[in-house]
Number of protein chains: 2
Amino acid sequence: MIDYQLLNALSAVISEGGFEKASKKLFITQSAVSRRIHQLEAKLGEPVLIRTQPPSPTALGKRLLNHLQQVLQLEVALNVEALNEHTDLNTPLSVKLAANADSLATWLPEALAVLDTELACKLRFEVISEDQSIAHKRMKDGEVMVCISSSPEPVNGGLVSPLGAIRYKAIASPDFIKQHKLTELSQLAHLPCLVFSEYDKLQHQFLADINGSAPLFTHIYPSSEGFKQAMIAGLGYGLLPTLQLGDSLVKGELVDLFPEYYIDTPLYWHYWQTESPQLKTLRKFALQVAGKRLEPINP
Amino acid sequence: MIDYQLLNALSAVISEGGFEKASKKLFITQSAVSRRIHQLEAKLGEPVLIRTQPPSPTALGKRLLNHLQQVLQLEVALNVEALNEHTDLNTPLSVKLAANADSLATWLPEALAVLDTELACKLRFEVISEDQSIAHKRMKDGEVMVCISSSPEPVNGGLVSPLGAIRYKAIASPDFIKQHKLTELSQLAHLPCLVFSEYDKLQHQFLADINGSAPLFTHIYPSSEGFKQAMIAGLGYGLLPTLQLGDSLVKGELVDLFPEYYIDTPLYWHYWQTESPQLKTLRKFALQVAGKRLEPINP
């Protein structure tokens, strides 16, 4: 059987971003961490780590981490916490979950607050904010137990449940419209445009859809709530989830630039085939919340 | 004089996170990027880059990047855009700014929306969301033009203006209080606690202040708005900026767990000594907005 001490050392080096931090997490010395990694590589005859700062897993390392996530799931299902090392019976189980920032800011909090008190005290969430495409990669690489991604493709060893779609509308403030004398959408390409990050292509898609142009002047503003506030303050226009609009349109704080237009981003709950009963309960609950808050996914 | 093509290549490799992406940014081939870095290192007789993935600057590399930021500031002040390569007169100047997530979600959007239309169309913000301590390091390393940090210490070549303090209150939802039968603050150490990231020690400080304990059960939830939503949904308790409370206390969505208690996190605007007039206008405006929205800094 595999010596899981070795895989745990590999997992800690990757998740903590280095040997020193891994040693603190595992309560062992740094040289003990190195020894475990070397032992793993000696057995395999191949490296599992690329020694960069932070270190990254080789293809083989990724397969091992992916396997480890599945074993951890099975251990959750087994639910015999007394067998776990370094944990007492009161220690909750860690669920690492990667999701896009707009989900984090809108429907996901409610979905994670599973109503059952007993379960609520048994799951400890470690949420990672990532662009949808990168969240999917983290799942593929075996770094997380659950990921919320716009890709419907299950990863190797994984399954997928459709959640629904976040609907985005093209939004600006009345001040922005006045200040830039905006009368036609074709002017937008030259006006300040908000993007969440370099991966956020929603604004590009919007301009491409309306007249084949692209934003020439973009502010990068990586905060979901800040994105809305920046629009209200008149820093730029952009695409905002309808979930975040609240009563801003009614109050006249924000304006829908093109009422007939929207972009739907579908979201899928990715999980491992070895899903434990606790995580199944969580998934079913998340699907219920998403069903109420998100739009149906178009076929 | 220094060949700034070489420093620009170094800057692009660091900011883009690799040689290939740097080459795309600079519109040159990847081998031309490598050649420039080698040329720089041959001249200096020392490496400027640590070849990790992503690459990081050596101490000498950091000094060069810090210098480059200051030169760029001077160029902004010179305001003769026609001299710039690869830019036409309509290209706005990029201002790289690092700030903490709670600033991004609350008072900063208004501060960046400088009222003057002419200036608004000349500055393009590239905002980076970082923990206060890391934001300061980015300034030190010459990666950003402005940083908002809780440290009052100017970096080498830099100056500081105090902005004010974000006030944090200990908050939970009525459901959370009921579900966990919370009657005394001493129970909190054992109940689910929300932390923004591994660097967020506010919740630890709170428990240490009230009875010398520490949170034993933490959910990591890296979204400012999501943090508040997770509290409302009952996922955990935590410290929330008063700026985010809105009317949640009045509406009974959230409860102030300890009305006499708060933690103030002071914030400082860090900038380079070579500050351009445009960035000075921005700073003065940000100080005004912060003066209205933040608490005074305690001496």
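Quick note: numbers below take in every heavy atom, side chains included, and nothing from hydrogens, waters or symmetry partners. No experiment lies behind these values; they were computed from the predicted model shown. Throughout, a chain's letter reflects where its sequence line sits, starting with A, and its residues are numbered from 1.
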- Message: Does A:Ile220 form a side-chain contact (heavy atoms from CB on, under 4.5 Å) with B:Arg124? I'd like the steps, not just the answer.
- Response: CA-CA 8 Å; A:Ile220 299 178; B:Arg124 180 191 162 272; 3.9 Å; yes

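Under the 4.5 Å side-chain criterion, counting only non-hydrogen atoms from C-beta, A:Tyr221 is in contact with B:Pro109. By the 4.5 Å heavy-atom criterion applied to side chains, B:Ile128 and A:Pro222 are not counted as neighbours.
In terms of non-hydrogen atom pairs under 4.5 Å with chain A, the most contact-rich of B:Leu112, B:Leu104, B:Leu235 is B:Leu104. Chosen from A:Gln244, A:Gln229, A:Glu198, the residue pairing most often with chain B at heavy-atom distances under 4.5 Å is A:Gln229. Ranked by heavy-atom pairs under 4.5 Å with chain B, the first of A:Gly226, A:Ser103, A:Pro54 is A:Gly226.
Interface remark: B:Ile50 contributes no atoms to any contact with chain A (heavy atom separation under 4.5 Å). Using a 4.5 Å cut-off between heavy atoms, A:Ser224 does not touch chain B at all.
Partners of A:Pro215 by side chain to side chain contact (heavy atoms under 4.5 Å, CB included), not counting sequence neighbours, listed by chain and number: A:Cys193, A:His204, A:Leu207, A:Thr218, A:Tyr237.
The side-chain hydrogen bond (donor to acceptor under 3.5 Å, both in side chains) contacts involving residues 47-57 of chain A comprise A:Glu41-A:Arg51, where partners must be two or more places apart or lie in separate chains.
A:Ala233 and B:Ala113 make their closest contact through O-CB, 3.2 Å (heavy atoms, listed as atom of the first residue, atom of the second, distance).
Heavy atoms from other residues, nucleotides or ligands lying under 6.0 Å from CD of B:Gln187 number more than 12.
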